[in-house]
Amino acid sequence: MIEARHLRVLRAVAATGSFSAAGRELGCTQPAVSQQMKALESSVGTPLLVRSGREMRLTQAGEALVRHAAGILSGLTAAEEEVAAIAGLRAGRVRLVSFPSGSSTLVPTALAALRAAHPGTRVSLEEAEPPRSVELLREGDCDIALAFRYERAGGAGEARQGGEGEWDDLVVRPLLTDRLVALVPERHRLARTGASGALAIGDLAGEPWIAGCPRCRGQLVQVCESAGFTPRIDFATDDYPAVVGLVGAGLGVAVLPQLAIESVRPRGARAVTLEPAVRREIVALTLPDLAQVPAVSATLDQLARAAARVG
């Protein structure tokens with residue numbers, strides 16, 4: 001195997017014409033130059049220099065190696081500089097996938113702070129709900145996935161939706177716990193509950209429902225069934241502003257995460273606290289090797305700071 005340090009010595013010998021002169025240029029002794037040239041010739045398996053008295057000239061193989069050495073060494077120098085820039089956060093790229101309510105609340109604050117601290121780091125953003133976002137991470141199509149999982153109906157002590165081991169192969173950075181709230185039309189009979197206390201989800205058993213994303217929809221059905229009824233879902237949409245708009249128009253009620261409501265102005269609708277509390281855990285996920293990449297680590301830190309402000 002040809003080593004870069006040996007190529008540098010060969011170029012110096014070719015340029016100066018002697019081991020001693022090459023040593024002076026490189027800041028090492030003549031014997032050290034001689035040893036490195038012997039090591040290089042041993043690596044390539046052929047003589048590179050012809051020594052005749054005090055004169056020294058390159059063999060044909062030596063000339064070919066010197067000709068290629070310039071490109072090899074310049075490419076290596078460029079690679080070293082690029083890696084150093086990435087390691088020092090003067091450059092780098094992070095591919096982030098987030099669910100919509102995270103994209104509109106946590107992500108903007110985090111990325112603005114990241115750009116201010118490390119303007120050379122570029123971040124791309126794509127939206128996907130879990131479990132798809134987690135699949136993209138495992139498939140190598142992103143570096144960080146913002147994801148969430150719900151507590152099962154009945155409280156924080158029970159198993160979470162999706163199974164306890166679903167993220168065991170990933171680095172999990174907890175961000176915040178997001179509580180579900182009921183959303184009812186402003187003129188609804190239960191709209192004033194928000195000012196006086198909490199609402200039991202069973203109080204909405206006879207209402208038409210507007211459901212959200214597939215995972216949220218499954219959670220809604222689970223929570224309602226734990227309260228003794230099956231919700232009549234009249235509308236279903238992945239778009240949180242659409243859910244709020246439908247509730248505001250008096251077409252039904254909904255249960256949404258608090259984070260989703262904070263990202264939308266609920267015109268014509270009112271948020272009401274639910275009891276018993278139902279929560280979802282919001283996390284940032286990455287692969288163990290990616291967690292050591294400076295740009296990824298810095299992005300995780302900024303997401304955690306943004307979540308602390310929201311929480």
Side-chain angles (χ1 to χ4, degrees), residues 99-102 104-105 129-133 147-164 166 176-283 310-311:
F99 54 91
S101 59
S104 59
T105 53
E129 299 276 356
R132 179 56 186 154
S133 57
F148 61 85
R149 56 186 172 188
Y150 283 101
E151 298 170 353
R152 293 193 182 277
E158 299 191 11
R160 295 183 179 93
Q161 186 187 64
E164 283 295 331
E166 64 175 332
L176 59 89
T177 300
D178 193 18
R179 181 169 177 158
L180 297 189
V181 296
L183 200 64
V184 300
E186 279 186 343
R187 296 183 181 180
H188 192 277
R189 59 187 174 84
L190 296 173
R192 294 184 179 179
T193 305
S196 58
L199 178 70
I201 199 165
D203 296 334
L204 299 170
E207 301 289 339
W209 286 83
I210 295 105
C213 72
R215 198 167 202 184
C216 299
R217 203 172 308 157
Q219 177 68 11
L220 168 65
V221 172
Q222 183 183 12
V223 171
C224 291
E225 288 181 346
S226 71
F229 72 98
T230 299
R232 190 191 91 204
I233 298 175
D234 285 1
F235 303 97
T237 173
D238 293 349
D239 186 62
Y240 286 132
V243 173
V244 173
L246 290 167
V247 173
L251 296 172
V253 300
V255 170
L256 290 178
Q258 183 66 45
L259 201 63
I261 294 176
E262 288 179 3
S263 65
V264 180
R265 182 177 296 179
R267 293 176 179 172
R270 180 166 296 179
V272 183
T273 302
L274 279 176
E275 290 291 353
V278 180
R279 301 177 179 87
R280 65 175 183 171
E281 178 189 12
I282 295 176
V283 301
V310 171

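- Closest non-hydrogen pair, Ser101 versus Ala260, comes out as CB-CA, 3.7 Å.
- In this structure, the side chain of Asp234 does not engage the main chain of Trp209 through any donor-acceptor pair within 3.5 Å.
- Between Gly250 and Pro185, the shortest heavy-atom distance links the atoms CA-CG, 3.8 Å.
- In this structure, the side chains of Val310 and Leu176 come closer than 4.5 Å at one or more pairs of heavy atoms.
- Side-chain contact between Val247 and Ile210 is present, with heavy atoms from C-beta onward closer than 4.5 Å.
- Glu129 is not listed as a side-chain neighbour of Pro214, based on a closest heavy-atom distance of 4.5 Å or more.
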request  = Output, in order, the C-alpha distance, side-chain angles, deciding distance and verdict of side chain to side chain contact (heavy atoms under 4.5 Å, CB included) for Gln219 and Val255.
outcome  = CA-CA 10 Å; Gln219 177 68 11; Val255 170; over 6 Å; no
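- Taking CG of Leu259 as the start and CG of Asp178 as the end, the distance is 5.0 Å to the nearest 0.5 Å.
- To the nearest 0.5 angstrom, Thr105 atom OG1 is 12.5 Å from Ile261 atom CD1.
- In this structure, the side chains of Arg267 and Val244 stay at 4.5 Å or more apart for every pair of heavy atoms.
- Scanning all heavy atoms of the two residues, the minimum distance from Ser226 to Val223 falls at OG-O, 2.6 Å.
- Counting heavy atoms from C-beta on, the side chains of Tyr150 and Cys216 come closer than 4.5 Å.
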query = Please walk me through it: do Phe148 and Val283 pass side chain to side chain contact (heavy atoms under 4.5 Å, CB included)?
reply = CA-CA 6 Å; Phe148 61 85; Val283 301; over 6 Å; no
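- Salt-bridge annotation for Arg217 and Asp238: present, with a side-chain N of the basic residue lying under 4.0 Å from a carboxylate O of the acidic one.
- For Thr273 against Arg179, the heavy-atom pair with the smallest separation is CG2-NH2, 3.3 Å.
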request  = Could you walk me through whether Phe99 and Ile282 pass side chain to side chain contact (heavy atoms under 4.5 Å, CB included), step by step?
outcome  = CA-CA 10 Å; Phe99 54 91; Ile282 295 176; 3.9 Å; yes
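- With rounding to the nearest 0.5 angstrom, the CG atom of Leu180 is 7.5 Å from the CZ atom of Arg280.
- Under the 3.5 Å distance criterion, the side-chain polar atoms of Arg270 are left unmatched by any main-chain donor or acceptor of Arg187.
- Atom CG in Leu220 sits 9.5 Å away from atom CD in Glu225 (nearest 0.5 Å).
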request  = May I have the step-by-step check of side chain to side chain contact (heavy atoms under 4.5 Å, CB included) for Glu166 and Arg149, ending in yes or no?
outcome  = CA-CA 10 Å; Glu166 64 175 332; Arg149 56 186 172 188; 3.1 Å; yes
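- Considering only heavy atoms from C-beta on, Thr237 comes within 4.5 Å of Val243 through its side chain.
- Between Pro208 and Leu251, every side-chain heavy-atom pair lies at or beyond the 4.5 Å cut-off.
- The two atoms that bring Ala227 and Ile201 nearest to each other are CB-CG2, 3.6 Å, heavy atoms only.
- Counting only heavy atoms from C-beta outward, the side chains of Leu183 and Val253 never approach each other to under 4.5 Å.
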